Amino acid sequence: MKVRVRYAPSPTGYQHIGGVRTALFNYLFARVNNGTFILRIEDTDRTRYREDALEDIYETFQWLGFHWDEGPDVGGDYGPYFQSRRIEIYREYADKLINTGQAYYCYCPQERLARIRRMQTANKMAPGYDRNCRNITEGERKEYEDKGIKPVIRFKVPLKGSTVFHDKLLGDIETPNEDINPDPVLLKSDGYPTYHLANVIDDHLMLITHILRAQEWIPSGPLHVLIYRAFGWEPPEYCHLPMVMGKDGQKLSKRHGATSVREFKKNGYLPEALINYISLLGWSYDDAREIFGLDELEKIFSLERLNKAPAVFDYKKLEWFNGIYIRKRSKEDIKKMIMPFLIEDGIVRDPLTEEEEKLIDGAVPLIQERLRLLSDAPKLVRFLFGEIDRYNIEEIIPKRLNREKTLNVIHEVRKILVDFGEYSDEENEMRFRGLADKLGVKLGDILMPLRVAVTGTRVSPPLFGLIKLIGLKKVLKRVDSVISLLENQSSE
RNA sequence: GUCUCCUUCGUCUAGUGGUUAGGACACCGGGUUUUCAUCCCGGCAGCAGGGGUUCAACUCCCCUAGGAGAUGCCA
């Protein structure tokens, strides 16, 4: 049987890293098995539905670079892939359950449900529906209908016995039926199905063979199996994936930092870094390798190597992966990718000027291996554009020197800077070493004042490359302003 | 409260009865380097606890503890 798996997000918010991990594992499982990966939009909660959340689903996976074989945008033989367009189907199947006595109408108002829940929690009882309408008479039913009350349809969970379902990761999970959610709603009063009904029907109708979803779904596993049985269907295979947690061990949420893929994108992460890192949350290949591209993962992923325990999301490690992948990219890619960050920072104009373009082209090779996030770029190149507004005297003077000595060093540096452009970086380095020897100081002690003069900071990309990029004229001006700064200081 | 799942360095993990318990991130130290970064070398640090089973348990079983999830006309 051909493997068919699905990712079934609900468009109520932006794509969460945990959901995307589930999507990735489903996708990889499909690829490894030459199967089909399906996207199904579970938009049955019309109160929480958001148009931008739906767009975010498309944008997120577009950006990540993997796609479904069947789905709302690409079509397929088992649509529609929006649950909101399948409500007649759910109604029809819910009716079947009513007719076979495996489901019933419930007319309990929300207030009553809230009341019994309050009562239950107050008495430390398990909260849940009290099955009040499970045995109402046809007369009572008529009465409610005449009053115009819109009923919900509830599933008749067996009162006795137990239900067992098999999980490929966890093994058999057996639950006494009395511990299962007492008669959950299948069809809401607005005619839309709940998750429990819709997912079972759709997975069956769409010929889904394996359900890979997060472990938070384990408790509803037995219920779903019961529903499959009620229809006379065979449930698919289950595999509940370990959850993704925050540093404090709780379910990963905004409290912990970025959680949606679009935030990671905005913060300067690369899609391949995210994919690689995410693939290792609850899964591993062996004891040595952990750098994997999507294409590779599509060949080596396997359920057998899943971990049972939840994984804590480590932003630091993701950053490390990001640095790795930034270094792997071409200069052109990096240029393209840092541009939005430079523009947003107001460092360059939106259509670049020729001058700006030249500076960026020259800067990329200098900063690429220094980036961990694309968003690090602005602070690394800011001094290339515009002026340096202020220097810090203490930063100019090296530890081993005092003000006078530094001033002297800079004067000497200025002399050999004049024909800087005529030499290669290697040659210039020899010249500066020569100067250092002559002055009896360390190379670093003459380059640091120069670095601060040119860049305004002690930490920068390689100095010689920067000097050529900025141009001698500007560099000398900056050196001069540092000289006068030091001189003014001495006259006080 | 009840039910279910989980438990190897701080974090991600390898490990399927006999290993000096391996790797990675982070952290610390050192080297290379004009600073930073990269790169290289080294260090720190772990089998939750208690019982069994066994000649031998991180590995198998039980209990305890801890953590998490579920308990909706949300998914």
Side-chain angles (χ1 to χ4, degrees), chain A residues 8-12 19 42-45 47-48 106 108 110 113-114 117 120-121 123-129 150-154 167 169-170 173-176 178-182 184-190 192-196 198-199 214-222 240 242-243 245 247-251 277 280-291 305 307-321 323 327 367-372 376 380 425 428-429 432-433 436 442-448 450-452 455 457-464:
Chain A
S10 176
T12 54
E42 308 224 326
D43 54 351
T44 53
D45 183 348
T47 58
R48 292 200 309 152
C106 167
C108 293
Q110 298 277 10
L113 298 179
R117 190 164 299 124
Q120 286 163 331
T121 42
N123 294 323
K124 292 190 190 295
M125 291 162 67
Y129 184 53
K150 288 254 175 290
V152 300
I153 292 179
R154 287 184 183 273
D167 184 283
L169 217 212
L170 274 13
I173 297 175
E174 182 171 2
T175 310
E178 57 182 331
D179 290 330
I180 295 175
N181 187 350
V185 172
L186 296 179
L187 206 67
K188 304 180 229 178
S189 53
D190 64 2
Y192 282 80
T194 59
Y195 170 80
H196 302 301
N199 107 86
Q215 285 180 358
E216 59 187 328
W217 291 108
I218 293 178
S220 41
H240 288 90
M243 306 221 304
M245 315 302 242
K247 216 166 180 49
D248 56 1
Q250 313 268 110
K251 224 166 144 180
Y277 178 65
L280 266 9
L281 288 174
W283 179 85
S284 65
Y285 180 63
D286 61 13
D287 62 346
R289 302 181 52 208
E290 56 179 357
I291 304 291
R305 299 204 59 90
N307 206 109
K308 291 181 186 177
V312 173
F313 193 90
D314 185 351
Y315 290 88
K316 281 274 178 56
K317 184 142 187 182
L318 206 212
E319 239 179 81
W320 174 77
F321 271 111
R327 273 169 255 134
I367 65 169
Q368 183 165 13
E369 72 177 17
R370 267 154 265 263
L371 296 173
R372 270 173 94 83
D376 291 337
L380 286 174
D425 287 355
N428 273 320
E429 185 172 334
F432 275 87
R433 283 191 190 283
K442 297 265 190 190
L443 180 63
D445 289 339
I446 72 174
L447 287 182
M448 189 50 79
L450 180 59
R451 182 186 310 280
V452 176
T455 68
T457 154
R458 298 176 69 97
V459 177
S460 82
L463 232 201
F464 295 164

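Because the structure is a prediction, the values reported are computed rather than measured. Residue numbering restarts at 1 for every chain, and letters A, B, ... go by the order of the sequence lines.
Following rounding to the nearest Å, A:Leu170 (CG) and B:U4 (P) show an atom-to-atom distance of 13 Å. Summarising the geometry, the separation between CH2 on A:Trp217 and C1' on B:U71 is reported as 13 Å, rounded to the nearest angstrom. In this entry the distance linking CG of A:Asp190 with C1' of B:C73 reads 7 Å, nearest Å. Between the CD atom of A:Glu216 and the C1' atom of B:U71 there is a distance of 13 Å, rounded to whole Å. Computed from coordinates, the A:Leu371 CG to B:C36 P distance equals 17 Å when rounded to whole Å. Rounded to whole angstrom, the span from the CG atom of A:Leu450 across to the P atom of B:U34 amounts to 14 Å. A straight line from CD1 of A:Ile367 to P of B:U38 spans 15 Å, rounded to a whole angstrom. What separates CD of A:Glu429 from P of B:U34 is a distance of 5 Å, to the nearest Å.
Using P as the reference atom, B:G43 and B:U8 are 25 Å apart when rounded to the nearest Å. A distance of about 13 Å separates the C1' atoms of B:U59 and B:U54, rounded to the whole Å. Nucleotides B:G18 and B:C58 place their C1' atoms 13 Å apart, quoted to the nearest Å. Between B:G67 and B:G10, the two C1' atoms lie 16 Å apart (nearest whole Å). Rounded to the nearest Å, the gap between the P atom of B:C27 and that of B:U11 is 16 Å. Nucleotides B:G17 and B:A57, compared at atom P, are 14 Å apart to the nearest Å. A distance of about 24 Å separates the P atoms of B:A24 and B:U7, rounded to the whole Å. For the P atom pair drawn from B:C44 and B:G15, the interatomic distance equals 24 Å after rounding to whole Å.
With sequence neighbours left out, A:Glu216 forms a side-chain contact (heavy atoms from CB on, under 4.5 Å) with A:Ala214, A:Met243, A:Lys251.
To the nearest 0.5 Å, atom CG of residue A:Leu187 and atom OG1 of residue A:Thr44 are 10.0 Å apart. The line from CG of A:Leu280 to CG of A:Asp314 is 11.5 Å long, rounded to the nearest 0.5 Å. Taken to the nearest 0.5 Å, the CG atom of A:Asp376 stands 12.0 Å off from the CZ atom of A:Arg370.
Taking a pair to require two hydrogen-bonding distances under 3.5 Å in either a Watson-Crick or a G-U wobble arrangement, B:G42 pairs with B:C28. In this structure, B:G69 and B:C3 make a Watson-Crick or G-U wobble pair, each of the two defining distances being under 3.5 angstrom. As the counterpart of B:A75, no nucleotide is assigned, since no Watson-Crick or G-U wobble pattern has both distances under 3.5 Å.
Looking at which nucleotide of RNA chain B each of A:Val185 and A:Phe464 is closest to, the 5′-most match is held by A:Phe464. Between A:Cys108 and A:Arg458, the residue whose closest nucleotide on RNA chain B is further toward the 5' end is A:Arg458.
Between the side chain of A:Ser10 and the base of B:C74 there is no donor-acceptor pair of N/O atoms closer than 3.5 Å.
The closest donor-acceptor contact from the side chain of A:Asn123 to the backbone of A:Met125 lies at 3.5 Å or more, if one exists at all. Between the side chain of A:Arg305 and the backbone N or O of A:Tyr285 there is at least one donor-acceptor pair closer than 3.5 Å. In terms of modelled atom types and a separation under 3.5 Å, the side chain of A:Ser189 and the main chain of A:Lys150 share no donor-acceptor contact.
Looking at heavy-atom distances under 4.0 Å, A:Leu463 makes contact with a base. Across all strands, A:Pro182 comes closer than 4.0 Å to no nucleic acid atom at all (heavy-atom distances). Among the protein residues, A:Val152 comes within range of the nucleic acid bases, having at least one heavy atom under 4.0 Å from a base atom. Within the 4.0 angstrom heavy-atom criterion, only backbone atoms of the sugar-phosphate kind lie near A:Thr44; the bases stay farther away. Within the nucleic acid shown, A:Pro461 comes within 4.0 Å of at least one base atom, counting heavy atoms only. Base contact: A:Gln110 has a heavy atom under 4.0 Å from a base atom. Among the heavy atoms of the strands lying under 4.0 Å from A:Pro462 is at least one base atom, whether or not backbone atoms are also near. Counting any heavy atom pair closer than 4.0 Å across all strands shown, A:Lys124 reaches sugar-phosphate atoms only and no base atom.
Between A:Gln250 and the phosphate of B:A68, there is a side-chain N or O to OP1/OP2 separation shorter than 4.0 Å. A sub-4.0 Å separation between OP1 or OP2 of B:C73 and a side-chain N or O of A:Lys150 is absent. OP1 or OP2 of B:U35 has not a single side-chain nitrogen or oxygen of A:Arg370 nearer than 4.0 Å.
Between A:Gln215 and A:Pro242, the closest side-chain pair of non-hydrogen atoms falls below 4.5 Å. The shortest side-chain heavy-atom distance between A:Cys106 and A:Tyr129 falls under the 4.5 Å cut-off.
Proximity note for A:Pro219 (side chain, C-beta onward) versus B:A70, B:C73, B:U71: the nearest is B:A70. Listed nucleotides: B:C74, B:U2, B:U38. Nearest to the side chain of A:Asp45: B:C74. Closest to the side chain of A:Lys251, out of B:G72, B:C6, B:G69, is B:G69. For A:Val459, taking side-chain heavy atoms from C-beta onward, the closest of the listed nucleotides B:U35, B:C74, B:G72 is B:U35. Nearest to the side chain of A:Arg451, among B:C5, B:U34, B:G1, sits B:U34.
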Spell out protein contact along nucleotides 9-31 of chain B as letters: B when the base is contacted, S when just the sugar-phosphate is, - when no protein heavy atom is under 4.0 Å; keep the 5' to 3' order.
-> --BBSSS------BSBSS-----
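B:U34 has no base stacking with the ring of A:Phe432 when judged by centroids under 5.5 angstrom apart and an interplanar angle below 30°.
Within a 6.0 Å sphere centred on OH of A:Tyr315, other residues, nucleotides and ligands contribute more than 12 heavy atoms.
Taking the six-membered ring for Trp and thresholds of 30 and 60 degrees, A:Phe321 and A:Tyr277 have ring planes inclined between 30 and 60 degrees apart.
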